[in-house]
2 protein chains.
Amino acid sequence: MIETLAVSSDIPATAQLHPMPFTRIELAILSIVDGRLAVLLGKRAGAPHKGKWALPGGVLRIDLDRDLEGAAQRIAGERLGVTLPYLRQLQAVGGKSRDSRAPWALSIAYRALLPSDAIDPKAGKRLEAIRWCAVDEAIADSKLAFDHADLIRSAMEATRAEIERLELPFGFLPEAFTLGELQSCCEAILGRRLDKSSFRRRLDERELLEPVAGEMRTGAFRPAQLYRRR
Amino acid sequence: MIETLAVSSDIPATAQLHPMPFTRIELAILSIVDGRLAVLLGKRAGAPHKGKWALPGGVLRIDLDRDLEGAAQRIAGERLGVTLPYLRQLQAVGGKSRDSRAPWALSIAYRALLPSDAIDPKAGKRLEAIRWCAVDEAIADSKLAFDHADLIRSAMEATRAEIERLELPFGFLPEAFTLGELQSCCEAILGRRLDKSSFRRRLDERELLEPVAGEMRTGAFRPAQLYRRR
DNA sequence: TCTCTTAGTGGCATTACACTACTAACTATA
DNA sequence: TATAGTTAGTAGTGTAATGCCACTAAGAGA
């Protein structure tokens, strides 16, 4: 039926028979705030879950979006005024009565890494307010809207696994950074301390970074060599 | 072209304003055939891609399916007459002009592990034929329908990564099995030989298995201890 | 000049694992 | 009955990765 009829110009009867799910994109945007891994939340301005905190997101628009990643970028631009580097699809969740706006709701969750100052705290269209929330607290918070606590947990786990594999969180870092800054980032993501010596040796063997010749970060103490992505 | 609206008896205007994508589930069902990792393909009986081989799949039915995994199980039951253990969501793919039946098509891909004899080769409703195809060949085959070669690659990579982490492929094995059988499975998935001694030591340290006391697999050569999942 | 703090390096111990070699137990066949 | 062939199972050694600890270096500030 669906398999057998279909020409692009004709409308196959069966495809019209079945209503399709209310389809959204949700964004788990992570950052480091006060040395802890944090996620961007928006306070919902309307029903459902009015007044609760939730991941920013929006409806998939088949007239505007070329593909799923394009939809995620459009929504990030419209709602938050940013484009998202290091975007990665997390998972799809869907089911009956996930969202009272429709009988069946499907969400595709994306994750991005951003420095926290890349978001204007006054942005957030269609949201009363936005804020950064430590992921530990967000996951434990039973008052988050929808099933967003699960999505945040999934974002955190995926990001931790990347760091364990030494896929570095360049999204959190400026173009040039010190090894100390990089290590602090990784520690914030993993939620545990790392050994400086082992960490550097591992980076070294994999040849992931190159020093920016002559450039040092100078500050209160001994200056540190700056590195960039290789 | 189809424009499927999200519908509901009492919904806010926003949910109804936008047409929703044509949403399907695709199944990457893996097995070991002749010592090689293989994927189940169906020959398409109708347009689009009529006569080409594709992953089995079906349309998400919001009237029938409670959630995404339920949809995957319903489709596996209807099309292949099986229920799928060790089901895992792979990824969502979507975009304009993925499928000529609709202006915007979204597919959620699932992966399952099954012994090859769990599928009746005469099954395959709405498909001309079904067959097992070695994943290497399927990935290299530019004539597969839609973007299914990408989905198969993704299924293979996800499964290999699981084996590397010693998440064992119990879906391919009977209740009780020998260490030799388990090792052969893993070798077929990884596409390389493993060292017997190391493999056993790693299993041992992680305490993943327990011997079935007194039970041995007897055959042409020295009998082997049977193990089960712990 | 001394202390404090961060940057950066070196060495030893432990662990995980690859590689090799070996013994054990069964069948089949001469 | 002896022997070859095949799979099951164990043991030991070397090496690579890395955890852990200790050390030196370079700046600021008291």
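The analysis underlying the following values was restricted to heavy atoms, covering all of them including side chains, and did not include hydrogens, waters or symmetry mates. Numbers restart at 1 for each chain; the letters A, B, ... are given by sequence-line order, proteins then strands.
Lys96(A) is linked by a side-chain contact (heavy atoms from CB on, under 4.5 Å) to Trp104(A), counting only residues two or more places apart in sequence or in another chain. Glu157(B) meets the salt bridge (charged side-chain N to carboxylate O under 4.0 Å, His left out) test with no other residue; sequence neighbours excluded.
Among residue pairs with one or both ends in residues 179-188 of chain B, those qualifying as salt bridge (charged side-chain N to carboxylate O under 4.0 Å, His left out) are Glu181(B)-Arg217(B), Glu187(B)-Arg193(B); sequence neighbours excluded.
Regarding Gln183(A), its CD atom lies at a distance of 18 Å from the P atom of dT5(C), rounded to whole Å. Distance Arg192(B) CZ to dA18(C) C1': 11 Å, rounded to the nearest Å.
Under the 3.5 Å distance criterion, the side-chain polar atoms of Ser184(B) are matched with a main-chain donor or acceptor of Gly180(B).
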With a 3.5 Å cut-off and sequence neighbours excluded, list the donor-acceptor pairs that the side chains of residues 162-169 of chain B form with protein atoms.
unit_1    : atom_1 : unit_2    : atom_2 : d
Glu162(B) : OE1    : Arg111(B) : NH1    : 3.1
Glu162(B) : OE2    : Arg88(B)  : NH1    : 2.5
Glu162(B) : OE2    : Arg111(B) : NH1    : 3.4
Glu164(B) : OE1    : Arg192(B) : NH2    : 3.3
Glu164(B) : OE2    : Arg192(B) : NH2    : 3.2
Arg165(B) : NE     : Glu167(B) : OE2    : 2.8
Arg165(B) : NH2    : Glu167(B) : OE2    : 3.3

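Summary of the strand contacts: Phe199(A) and Thr218(A) both lie near DNA chain D, and taking for each the nucleotide with the nearest heavy atom, the more 5' one is attributed to Phe199(A). In terms of position on DNA chain D, the residue among Arg202(A) and Gly219(A) whose nearest nucleotide sits closer to the 5' end is Arg202(A).
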Could you go through Phe177(A) and Leu209(A), starting from their C-alpha distance and side-chain angles, then the distance that decides it, and tell me whether this counts as side-chain contact (heavy atoms from CB on, under 4.5 Å)? CA-CA 10 Å; Phe177(A) 48 85; Leu209(A) 303 177; 3.8 Å; yes
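Within the nucleic acid shown, Arg206(B) comes within 4.0 Å of sugar-phosphate atoms alone, with no base atom in reach, counting heavy atoms only.
In this structure, Arg230(A) pairs ionically with Glu207(A), as a charged nitrogen and a carboxylate oxygen lie closer than 4.0 Å. A salt bridge links Glu78(A) with Arg74(A): at least one charged nitrogen is closer than 4.0 Å to a carboxylate oxygen.
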Heavy-atom contacts, protein to nucleotides 6-12 of chain C, under 4.0 Å, summarised as B (base), S (sugar-phosphate only) or - (none) per nt, yield BBBBBB-
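Protein chain A touches strand DNA chain D; the 5'-most and 3'-most nucleotides with an atom under 4.0 angstrom of its non-hydrogen atoms are dT18(D) to dA28(D).
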